[in-house]
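In what follows, a structure is listed as structure tokens, so that the remarks can point back to it.
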Number of protein chains: 4
Amino acid sequence: MSRRDEDILRDKCGVFGIWGVEKPAEYVYLGLHNLQHRGQESCGIVTTSSRKFYSYFGMGIVNEIFTAEILHGLNGRAAIGHNRYSTKGSSNIENTQPLIAETRNGEVAIAHNGQFANYRSLKKELQEEGCIFKTDSDTEIILHKFARSKEKNISRIISASFTGVKPAYSALLLTRKELIAVRDPSGVRPLVIGRVGTGFVVASETTAFDIIGAEYIDEVKPGELVIIDDNGLSREELQPPGEELRCIFEYIYFARPDSFLFGSEVSTSEIRKELGRRLYREHPVEADIVIPVPDSSTAAALGYSRESGIPFDFGLIRSHYIGRTFIEPTQAIRDAKVRKKYNPNRSVIRDRRVVLVEDSVVRGTTLKNLIRILRDFGAREIHIRVSSPPYRYSCYLGINTAETSRLIASRYSVEKICSFLAADSLGYLSEQGLLDNKYLHGGFCTYCFNGKQKI
Amino acid sequence: MSRRDEDILRDKCGVFGIWGVEKPAEYVYLGLHNLQHRGQESCGIVTTSSRKFYSYFGMGIVNEIFTAEILHGLNGRAAIGHNRYSTKGSSNIENTQPLIAETRNGEVAIAHNGQFANYRSLKKELQEEGCIFKTDSDTEIILHKFARSKEKNISRIISASFTGVKPAYSALLLTRKELIAVRDPSGVRPLVIGRVGTGFVVASETTAFDIIGAEYIDEVKPGELVIIDDNGLSREELQPPGEELRCIFEYIYFARPDSFLFGSEVSTSEIRKELGRRLYREHPVEADIVIPVPDSSTAAALGYSRESGIPFDFGLIRSHYIGRTFIEPTQAIRDAKVRKKYNPNRSVIRDRRVVLVEDSVVRGTTLKNLIRILRDFGAREIHIRVSSPPYRYSCYLGINTAETSRLIASRYSVEKICSFLAADSLGYLSEQGLLDNKYLHGGFCTYCFNGKQKI
Amino acid sequence: MSRRDEDILRDKCGVFGIWGVEKPAEYVYLGLHNLQHRGQESCGIVTTSSRKFYSYFGMGIVNEIFTAEILHGLNGRAAIGHNRYSTKGSSNIENTQPLIAETRNGEVAIAHNGQFANYRSLKKELQEEGCIFKTDSDTEIILHKFARSKEKNISRIISASFTGVKPAYSALLLTRKELIAVRDPSGVRPLVIGRVGTGFVVASETTAFDIIGAEYIDEVKPGELVIIDDNGLSREELQPPGEELRCIFEYIYFARPDSFLFGSEVSTSEIRKELGRRLYREHPVEADIVIPVPDSSTAAALGYSRESGIPFDFGLIRSHYIGRTFIEPTQAIRDAKVRKKYNPNRSVIRDRRVVLVEDSVVRGTTLKNLIRILRDFGAREIHIRVSSPPYRYSCYLGINTAETSRLIASRYSVEKICSFLAADSLGYLSEQGLLDNKYLHGGFCTYCFNGKQKI
Amino acid sequence: MSRRDEDILRDKCGVFGIWGVEKPAEYVYLGLHNLQHRGQESCGIVTTSSRKFYSYFGMGIVNEIFTAEILHGLNGRAAIGHNRYSTKGSSNIENTQPLIAETRNGEVAIAHNGQFANYRSLKKELQEEGCIFKTDSDTEIILHKFARSKEKNISRIISASFTGVKPAYSALLLTRKELIAVRDPSGVRPLVIGRVGTGFVVASETTAFDIIGAEYIDEVKPGELVIIDDNGLSREELQPPGEELRCIFEYIYFARPDSFLFGSEVSTSEIRKELGRRLYREHPVEADIVIPVPDSSTAAALGYSRESGIPFDFGLIRSHYIGRTFIEPTQAIRDAKVRKKYNPNRSVIRDRRVVLVEDSVVRGTTLKNLIRILRDFGAREIHIRVSSPPYRYSCYLGINTAETSRLIASRYSVEKICSFLAADSLGYLSEQGLLDNKYLHGGFCTYCFNGKQKI
């Protein structure tokens, strides 16, 4: 994989599919709402009757886009939907998923979470064969391979569509006859199956099942192909499972605290609390109060508090009105960006020795800002505790972060980061400490910590 | 051509392209504005530098969509743009042109006016070869053929892209290195070339040149391929010219009165005045006043007036505020639709014998309505004169009209139409009279009058 | 009246009221549509049941603002509506009419066309008495006077509301029990009464009656107060009629050609044709063609053509897509503003001696531009004929034009204007010629031509 | 006060004012952002130079309404702004504050938080004197009184404006020369003063100071009038202070946890934690976990946890994407409303004895719903603890809640409420327990608990 493969990173997204219910678009609406944290830029829903596709797409969040009238027009008994993550560059309606194509093998729609490690070479290969590309999304590759397959049977067509495609992918496809779920052999992104009434659902996270009253059945296994149609659900091997490379950042940061991921028996919040407990054992400190950078670090901070016995509290109040990325209108307001999101609670931190728990540190600028503000508001000491190892390598499997060279941990030692942040102490959870977690089983990708590429 | 070929009709549209100027998007903006009568549903502009494409699309008219900020972002020295006609069905952003694709042969954009008589079989063939279709536009076919061509040279790639494609098409393509214009061998839709400063322009009608101060050079000839690049303009044969089948309705109704079309030496208004003169000679009547259904029939009415000596006037006042199709909010307001567009001028028609000139009659319902209103306002006699022959067959080359079975002239004799309309007399221009026009040279498609298919 | 009284000029507007029908808002919608030429910036509708007011306001034209849902919510059996003219300054929703107020004398709404010559002193007086002003509209004055009246009877309250208020005003007021129409004693602005079914309507122009099938009864006379309630219509004197100062520009330019104004027995277009005839008699010329600046000068040009025998034609094609004031996005496009509105029809003017008829000349810049363009397109001679006298004084009764110092006729002689315009000749209709018109009866305000103030 | 006085309740709102800085609108933008929790329906900013007012208003939240261009147009060196609360009825742009009026005493703008207990009689009185009312807001009353005052001096004019006006009000007024802050003699709503650079600020809560780096000086005292101009800040008595009736619900629910209110020396979160501690002492229970209804009850739950030793956790995950009231498009989605806002975290509650802390219970339906969901997700026992007394009387000082008859505590005993909710136990904090709080000093209005009216 060349360096250029990294320059279009687009992920995390949320996908949701359903088969065999009345008004499927309403289920997708609710499911996507509970997956909204995985992408707020745009969303789309495609439904199908046995005869026809219906679709609608918009920029923004589910709540804003789908009116009664629009939902009413999305007919049929099956559907898939997609929340897209706000990447910096090409924020436009053309990139909104699900993508739809009319092909020799019928009409097909796809909603995809992930990014193919080899998408540049796949794209080039298909272009050489005369394919046209209309979006700057790698998802289109699957549509071409679907259209070009000469297999007769849907499971073989899908297999062919993913042959030669490297992880990461957790994707849903919809035809007039089937809802299909596939997950790459390394199982990088999550994908779970459930049942609601007589229908089946597939989603990125279990929280999407909770809101519609669906019952969790199992995850789609790495390398598995699941086909759901009016005869029920069948599971087969898409590709032989490879080394498990599940994204550890789903547990650290991405997933909702109430979701059960990767087959774990507890919700993500419990794993984060364990990370916080271990973090204290690795990096104890004498302090008066443990506070999180809300909301993503709340569970880890609770764990740190419980293990240490230092009281937990909210020393930073997060605004409810910064859910989405608004363009800050003037320089003065841009400068206040961190303050617009977080305000210190003076009574909680004044004259206190504060442990500030953060889930991860990318470029360090926001954290530096927060530390300065906390000091301005009277914190006596500020000890940073990070519930994951130093983030040193920019993801090659689709997570959209700063380039490696701009990651603070790729440039500085922990000591230097601490002095850059102007913190009183800084402790990162060790990689060993991360993986030793009692709730974690199986393999994870830890490339971002150690730079060891496996695909 | 099977009947099914007619069920997706989409045309007329306006196209505009420019090569070799600063801020090309501003020229396209102005050019599309003067082509706005050819399509008001949506529009788009694609520009290119030698390195990159820039594009923007929107629903509505040019004036509403392109802000200073958007135009500012459309960089480069060349551009193409497109106005899309409002068809009933699939009014959505995905169908907006120009279409763009990334291909083995480079990035390419296309803006197309026309419809391929054999698009269903072309589409099926390409699907069989594994192509995917994302819009319900036939234009996508050219992108696939462009991408699949193994020719090395742009003129041969373009030739290959249109091989086997039947009329009608007048299309502009843009790559990072060339602006390309092609016109089908029958020359169904117009396409003209001009020069502005050191740059070249291509557009559907000459009125788009006038607004930017461009000078008309020539039309793109039927079957011609024009390539414009930094070395200038070259013209070659795309396909051997076939029987000329230029759309006679461009002269009768579609084109702006100030445009010079199909190489004619006078503007469209002059041709329409001639039709009006001949119409009087074929169908004289004693009357007090000649009035048009404004604005499309104004020139024909002027001709009728001049030939007959009966004074010309405006007996129907057209609202300026009905340019685009608004959804009428309630039944009462829907019922008033014709009255919202036209109001009689009582002083002009009261107690008068009125000749009402109309350019063509499709279903007859609007005209029947107008006649009733004119009588309500005091017209003593109403003589309908139509400046084209009875419209009997729904177009098979892309004009979006009612189905043949709903065309009043396909169901009734002229006599019966007259009595349906409740007019005092009704006269249609004869096909001979239409074609005898002193300004018309060469061949025209008259399928809609006589049902004789030539492609 | 001090000079400062002129610096906020706001007019012409359109008003429409109806009493005693089902779904009155739909009638207002249609009526305002046909009065749209009197104001395109914003509009509003207020309806009333016997118990409650309902209202909706928006920026833009009627077609764009009132959806089915909004109209559905406008209950009751009576309504008034208003189209506001787009003045440059304070284009905002607060100034949208009808204005509504809750007062001791009940809830009241007002829609007003005109401007009070003494509004500054009225406003100051009311402010001195403790009144607050929330809009920069003089209409609010009437609401205050209405609220402060201690009369018990509606006709006396209305009388009191207009006591001391100088022209110009043609206003509609709505209470839960009455629709009221008043017109100033000089009759500056038009106002007409009609009947539709069992209901009554009042509007700025008769064209608003035509679209709803209402029958014209009479104009509201100068100084008259008309009260319509469930007992019918009663007419009384609001104030003793003064010298008639009807705005001559309603006939020259403002009104729709199909409207009957100021009690005249022919429509406005006939009066304009007479102006054109007289214009020829005053300023004959040898020429090949007479063309109007469309659409406002079309009738005058027809008159000039008929009187002179020189053929009438359209040498300038007006775009249908410039109905409203769009902000031109870039300098180049701003420079093309006149060309976006009018394009020459080369075949009509090339090598011809052209008479260009215009209804009036304010600053002269647009006309100069048109003349240049016509020459560029080959016109041999260009003779300007203006169907009104030189416009020398900025209106003091509410018409929003350039300041007197920017009026070309206030600065230059006709000879100099001709040379500024670069026209071959220039002829203005004389004031005598204007008023001699066979269809005009009674008095008119001609301040803008001669500077003689009468109020 | 008659029953009818309660039927238009509108409050809580947020106000912010600043004097003596460059670009005051940017400060207001940030201040209103941190007061956004006090109102999300609409907001407005008025700025003033010494010569002119500038203003802008919009529906929605600050982040969405104020673009760079709009802020740029809001000139001057002083400003006030307002966030309006979303009341059910009249959600429209006309009611947006600040209100502006032109008066004999100059131009004035007002931003108001509160509602006058005697507003109906005040309004009637003013109407009797001839005043007009254009909004359904009581704020307009002050504008009328301001305009009618014959005092010469601004402090006397303001005094006159509030003479006879009963609480509750905390208001900001802006003239071209002064920023004025007033608070009613009972001090019902909060209002605080700060300093930023050489300028002064006034706001509803201190959190608005934090974001702009302003320093808290003092609260505006009950009955105080504060005038800020270029000479600095002066404080005087508006009206003699009356019995303190500060709204206890600011502490229980309204204010941000990081705000310092009513002169207290700790932030609101600390007071809420104390309520939680006392709540445990009054209503202890054996349980495994204490969870809040996030976010408003988080601090009280922390207090309960600390006092009881039962671990604190998040058993309900609140969606970040429900900040504002979206219209739920279909019945099924409306039914899922509570689930869209809160999702149980199964791992936290399954097989546990849960204490669910809520700050207050109005109608009880949401809480009942939450209890059912928690049981569905496996909670073994659910003990409800409410950190305020039973809410029995609908506020008469401007808080917009359900009518008294729909308040569950006005209809049922605690026992019955517990059985209605289907909770295992239910404990409300006593009124004594509420007021005994070590951080609370001075008097509070507790009408909603005991029905004792003091004004």
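The chains referred to below are lettered A, B, ... by the order of the sequence lines, with proteins before strands, and numbering in each begins at 1.
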Carefully, step by step, assess B:His33 and C:Ser319 under the rule side chain to side chain contact (heavy atoms under 4.5 Å, CB included).
CA-CA 9 Å; B:His33 170 73; C:Ser319 171; 3.5 Å; yes

Any donor-acceptor pair under 3.5 Å linking the side-chain atoms of [Y] with those of [X]?
X	Y	value
B:Arg318	C:His320	yes
C:Glu270	B:Ser347	no
B:Asn63	C:Lys340	yes

If you take all heavy atoms of [X] and [Y], which pair is closest and at what distance?
X	Y	result
C:Pro329	B:Thr67	CB-C, 3.7 Å
B:Ser269	C:Val348	OG-CG2, 4.2 Å
B:Phe314	C:Leu302	CD1-CD1, 4.4 Å
C:Tyr321	B:Gln40	OH-NE2, 3.1 Å

For [X], is it the side chain, the backbone, both, or neither that has a heavy atom closer than 4.5 Å to a heavy atom of chain B?
X	result
C:His37	both
C:Ala332	both
C:Glu265	backbone
C:Lys23	neither
C:Asp295	side chain
C:Leu30	side chain
C:Phe377	side chain

Nearest-0.5 Å distance, [atom1] of residue [X] to [atom2] of residue [Y]:
X	Y	atom1	atom2	value
C:Asp258	B:Asn343	CG	CG	4.5 Å
B:Thr207	C:Arg346	OG1	CZ	9.5 Å
C:Ser267	B:Ile349	OG	CD1	10.0 Å
C:Lys341	B:Ile211	NZ	CD1	13.5 Å

Within 6.0 angstrom of B:Tyr253 OH, more than 12 heavy atoms from elsewhere
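No, because the 6.0 Å sphere around OH of B:Tyr253 holds 12 heavy atoms or fewer from other groups.
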
Just wondering, more than 12 heavy atoms not from C:Glu69 lying within 6.0 Å of its CD?
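No - once you tally the heavy atoms of other residues, nucleotides and ligands closer than 6.0 Å, there are 12 at most.
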
Side chain to side chain contact (heavy atoms under 4.5 Å, CB included) between C:Asn345 and B:Arg256, intermediate numbers included:
CA-CA 10 Å; C:Asn345 188 339; B:Arg256 280 223 343 190; over 6 Å; no

Less than 4.5 Å to any heavy atom of chain C: does that hold for the side chain of B:Leu71, its backbone, both, or neither?
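For B:Leu71, side-chain heavy atoms alone lie under 4.5 Å from chain C.
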
Go through the atoms of B:Thr298 and report whether side chain, backbone, both or neither lie under 4.5 Å from a heavy atom of chain C.
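Just its side chain gets close to chain C.
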
Select, from C:Asp376, C:Ile333, C:Val266, the one with the greatest count of heavy-atom pairs under 4.5 Å involving chain B.
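Sorted descending by pairs with chain B, the first entry is C:Ile333.
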
Quick check on the interface: out of C:Leu316, C:Thr206, C:Asp313, who has the most heavy-atom pairs with chain B under 4.5 Å?
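Winner by heavy-atom pair count: C:Asp313.
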
State whether the side chain of B:Arg339 and the backbone N or O of C:Asp210 hold a donor-acceptor pair below 3.5 Å, judged by distance alone.
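Present.
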
